[in-house]
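Numbers restart at 1 for each chain; the letters A, B, ... are given by sequence-line order, proteins then strands.
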Amino acid sequence: MTVPDRPALEGLEDKLSDRWRAEGTYAFEADTTREQVYSIDTPPPTASGSLHVGHMFSYTQTDVLARYQRMNGKNVFYPMGWDDNGLPTERRVQNYYGVRCDPTKPYIPGYQPPEKPAKNQRDWDVVSRRNFIELCEELAVEDEKVFENLFTRLGLSVDWSLTYRTIDDTSRAVSQRGFLRNLASGDAYMAEAPTLWDVTFRTAVAQAELEDREVPGAYHRIPFFTAAGEKVFIETTRPELLPACSALVAHPDDERYQPLFGQTVTSPLFGVQVEVRAHGLAKPDKGSGIAMVCTFGDLTDVTWWRELNLPTRTVVGRDGRFHAETPEWITNESGRAEYEKLAGKTVFSAKETVVTALTEAELVDGEPKKITHPVNFYEKGDKPLEVISSRQWYIRNGGRDAERREKLLARGRQLSWHPEFMRSRYENWVEGLNGDWLVSRQRFFGVPIPVWYPLDASGEPDYEHPIVPAEDQLPVDPVAEAAPGYDETQRDVPGGFTGDPDVLDTWATSSLTPQIVGRWSRDEEFFGKVFPFDLRPQGHDIIRTWLFSTVVRAEALNDSVPWNHTALSGWILDPDRKKMSKSKGNVVVPTDVLDEYGSDAVRYWAASAKLGADTAYEVAQMKIGRRLAIKLLNASKFALNLGASVDNVVRSADDAAVITNPLDKALMVRLYDTVQQSSRAFETYDYARALNLTESFFWQFTDDYVELIKDRAYGGHGEAEQASVLATLATTLDALLRLLAPFQPFATDEVWGWWRTGSVHRAPWPGRAEEIAGIEAASAGATADVLAAVALALGGIRRAKSEAKVKQRTEVLAAVVTAPENRLGSLRGGLADLKAAGNVRELTLLAGNPDGEADIEVSQVELAAPEEVPAS
RNA sequence: GGGCCUAUAGCUCAGUUGGUUAGAGCACUUCGUUUACACCGAAGGGGUCGGGGGUUCGAGUCCCUCUGGGCCCA
């Protein structure tokens, strides 16, 4: 046994992290059964992004749960991955190397990027998709190291030998295989449909990526004309879409417009005849109560277009500009002339042009009415989304199919949610879906959609009969590799083939992390040992995206929930209660607090927050964690130096007889309760409560118990009394270290190393039957009130000294403790310790109910004369 | 507009199926370097549990309602 003279937290992280890694403390044992395994599907962080305290917060919470399960005898499968598939990595690789991806370029083996990136983007190297992915993997290694170092330092008990990336060969193959199986089973399909389109990124966007933003706009009041020449005013924020108008719509109950239903009106400027229709989604109190449907002006337009079977009239293209060709539905000459002014213009300048033309023709009624209104944006974009018509791949998610929606809701109910109320977020989202999951993205970097299309004699693709690769060919890149049965000379020529140019949405890959890390479709035996996973933690902001999409894929591919439990972490709020985010600029760099307070301290802050609770970034809370860790070192040192050792630990009921003193037994009662309740809290994923219980016990142990037993521990009351104390100290310390191990892995393992072999993190959780029987036997017939009552009395004695302004060690010649009859027994049990700790010569116990609030009161305290203070 | 969460000491938060006198830490005041700990210890002050109503022998806890804050979806 080696207890340092001056224990300290400094240096523990490096020392112990190295040891854990070398000894494989957190290694998953593959030779196992499903019952023994506790598997965790951690959402891989984006390593190219920046680190922030939110990472430490939520990953600590998961780690605490993992550590509990491991100590509780589970073979914990806890891998980490990196989500380097997607836009953030794409941008980072571009800027870092000065390269641009063009999938049509051929792969260059051994390609080296420029030494220095060119300043101007025009001068960047243009590389193939495969080269681009290689560069990503190269750069990602550096980014991932930073993350891995942070997580290691934080003490995450991850098995780092299992690490994966969402862009590596395996992930791409699994992602493509998942897609192809979805395709084969009818869960994926292609369709020409209105698509939300980001003109900056030139890509389609899914419903889950939408964001409403309030933007300024203006209602323009514009007349349409009936056959009789009467004006019908509409109010629109998008007058530029007038040439795309396919109908006017009013509410069926709106008496103002009922006479017009079924009639035809003519649009101003463009002279197109459109029908007036009735639909319940038209809002009578909005504007003039009658709206123009400009085919795909917004999502309500799409609904009207679909439900009223309106003609498709699109004027905005993928570049966000008006089509160059004048649409054929504009037939009269002046209308065609008006459109020609718009051809090729952006939405913004087309609006100006149309408004000017309307104003000149005196077709605007009054001044535009300025408003702010919510508009759909891509969450990463900065221009409003357009809706265009395009051909895209979809995965069925229940958005258009009630039966599937019910199935997915049932999966949601099958999952245990922590906290439970988060389930309603999931249900609200599933119930509110209005379309299937669009998975095509018109990006370069990502997992290619693994299909080709045959070209007919005129060179048109046959979308009905896509060519798919064999599963053992995966991963493939259809833009760089020829379709099976064809060769490269037949690409894009009539009678040949063409590759799908798009990539999959990043969620289409990251929704498969259980399958990727669980070796689905590669090692089914292994997959069966970890799937469905036990736990999936994540922030509650990604329920609609990550959590939901993973449920969708597991339902389709595995006919199962992906996990049995899901834990939702809260967000980090800055001291002003605002969510910390990069865009707000209020992000705190995590390494500073790790340097200043240590990992155990930061973990304490994270672990004292309940799941789902948004939590203030509180340095004060970390200071408490640090204090707890230091206190643990010091108290342990004290207990061990008193002579507590492995041999004193009560391990079963047979050892329990040595604990005879009522005060010692009282501590055993508290320990027993703490172990039971803390275990129960962990079983319900309430680690914060477990920490709270253990911490309370720990403070009572150090502040009250240890203060009281010093005299007895030094041998002042004989060997039997000393043996009772040492057994109590050793048993308590032994359990306490393990109870705190999930929260403060460094301090606890350090202390463990002073007097035990192996790691505390591989030691069994204290709730095991034999051990708990020992603690129970040691506390038999005792009451925890001995400790509580004696502590109160000691407090009273100290108060008297404090009020008399004398030193605490001043001798008390005599004092009276008054307590209710039923607590006198408790006081008698610890009387000797009380007198020793308070330095009291004569103590009289008196039955009675004292005045005031406290029911144990110390009075008639007679203090010895103060020590002579030598004049200095 | 719909849904979910939240309101407890100056601050950050506990408070289990309703059950004695509502707790912890920080901060504040006073005292103290006694043999684990000054990155410390001891003692103390500080609460109409957001407002109102109800159920109950009993409500911080359950129900209704109002108000403030936050989030998600329209």
Could you work out the separation of [N] and [M] based on their [atom1] atoms and round it to a whole Å?
N	M	atom1	answer
U61(B)	U56(B)	P	16 Å
C66(B)	G47(B)	C1'	23 Å
C11(B)	C28(B)	C1'	12 Å
G51(B)	G15(B)	C1'	22 Å
G46(B)	A9(B)	C1'	6 Å
C57(B)	C49(B)	P	22 Å
C26(B)	C39(B)	P	15 Å
C64(B)	A27(B)	P	41 Å

Students often get this wrong, so: under 4.0 angstrom with heavy atoms, is [X] touching a base, only sugar-phosphate, or nothing?
X	result
Gly612(A)	nothing
Ser696(A)	nothing
Arg680(A)	nothing
Glu427(A)	nothing

Under-4.0 Å side-chain N/O to phosphate OP1/OP2 contact, [X] with [N]:
X	N	value
Lys610(A)	A14(B)	yes
Lys631(A)	G41(B)	yes
Tyr714(A)	A36(B)	yes
Lys623(A)	U12(B)	no
Arg799(A)	A43(B)	no

Could you list the protein-to-nucleotides 1-4 of chain B atom pairs, N/O on both sides, closer than 3.5 Å?
unit_1: G3(B); atom_1: O2'; unit_2: Asn428(A); atom_2: ND2; d: 2.8

Mate of [N] where both pairing distances stay under 3.5 Å, Watson-Crick or G-U:
N	answer
U33(B)	none
C26(B)	G10(B)
G1(B)	C73(B)
C39(B)	none
U17(B)	none

Once you round it to whole Å, what is the distance between [atom2] of [N] and [atom1] of [X]?
X	N	atom1	atom2	answer
Lys283(A)	A74(B)	NZ	P	12 Å
Glu618(A)	A14(B)	CD	P	12 Å
Glu707(A)	A36(B)	CD	P	9 Å
Trp429(A)	C71(B)	CH2	P	18 Å
Lys710(A)	U34(B)	NZ	P	12 Å
Leu433(A)	A74(B)	CG	P	9 Å
Asp614(A)	U12(B)	CG	C1'	14 Å
Leu691(A)	C13(B)	CG	P	15 Å

Check residues 430-438 of chain A and write down every donor-acceptor pair under 3.5 Å in which the side-chain atom is one partner and the other belongs to a residue at least two apart or another chain.
unit_1: Asp436(A); atom_1: OD1; unit_2: Asn397(A); atom_2: N; d: 3.1
unit_1: Asp436(A); atom_1: OD2; unit_2: Tyr189(A); atom_2: OH; d: 2.6
unit_1: Trp437(A); atom_1: NE1; unit_2: Asp505(A); atom_2: OD2; d: 2.8

### Query
Aromatic rings His279(A) and Trp304(A): how do their planes relate, parallel, tilted or perpendicular, breaks at 30° and 60°?
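If you compare the ring of His279(A) with that of Trp304(A), the planes turn out perpendicular.
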### Task
May I ask you to decide if the ring planes of Tyr68(A) and Phe682(A) are parallel, tilted or perpendicular, using 30° and 60° as cut-offs?
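Tyr68(A) and Phe682(A): parallel rings.
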### Query
Between atom CG of Leu632(A) and atom CG of Asp600(A), what is the distance when rounded to the nearest 0.5 Å?
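If I round to the nearest 0.5 Å, the distance is 9.0 Å.
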### Message
As an exercise, state the distance from OH of Tyr672(A) to CZ of Phe697(A), rounded to the nearest 0.5 Å.
### Response
14.0 Å
### Task
Compute the ring centroids of Phe57(A) and Trp571(A), then answer whether they are less than 6.0 Å apart.
no
### Query
Cationic tip of Arg213(A) within the cone over Phe377(A)'s six-membered ring, i.e. under 6.0 Å and within 45° of the normal?
yes
### Query
Do we get Lys610(A) above Tyr687(A)'s six-membered ring, with its NZ or CZ under 6.0 Å from the centre and within 45° of the axis?
no
### Message
For Glu406(A) and Arg411(A): C-alpha separation, side-chain torsions, deciding distance, then whether salt bridge (charged side-chain N to carboxylate O under 4.0 Å, His left out) applies.
### Response
CA-CA 9 Å; Glu406(A) 278 312 312; Arg411(A) 291 299 183 199; over 6 Å; no
Considering only [options], which nucleotide approaches the side chain of [X] most closely?
X	options	result
Lys807(A)	C71(B), G32(B), C39(B)	G32(B)
Arg809(A)	U34(B), C39(B), A36(B)	U34(B)
Gln808(A)	A42(B), G15(B), C11(B)	A42(B)
Val706(A)	A14(B), A36(B), C11(B)	A36(B)

### Message
Applying side-chain hydrogen bond (donor to acceptor under 3.5 Å, both in side chains) as the test, list every pair that has at least one member in residues 742-756 of chain A; sequence neighbours left out.
### Response
Lys15(A)-Glu750(A), Trp20(A)-Asp749(A), Asp734(A)-Arg756(A), Asp749(A)-Ser759(A), Glu750(A)-Trp754(A)
### Message
Going by side-chain hydrogen bond (donor to acceptor under 3.5 Å, both in side chains), name the pairs with one or both residues in residues 625-644 of chain A, residues two or more places apart or in two chains.
### Response
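Every side-chain hydrogen bond (donor to acceptor under 3.5 Å, both in side chains) pair that includes a residue of residues 625-644 of chain A, provided the two are not neighbours, is Glu10(A)-Arg626(A).
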### Query
Quick one: what's the B/S/- string for nucleotides 25-30 of chain B, heavy-atom cutoff under 4.0 Å, read 5' to 3'?
SS---S
### Task
By nearest nucleotide on RNA chain B, pick out whichever of Glu803(A) and Phe638(A) is the more 5' one.
Phe638(A)
#### Entry: Closest-nucleotide ordering on RNA chain B, the 5'-leading residue of Asn434(A) and Leu794(A)
Leu794(A)
### Task
Identify the heavy atoms of Ala864(A) and Thr810(A) that sit nearest to each other, and give their distance.
O-CG2, 3.9 Å
### Query
Residues two or more places apart in sequence or in another chain: which of them pass side-chain hydrogen bond (donor to acceptor under 3.5 Å, both in side chains) with Trp605(A)?
none
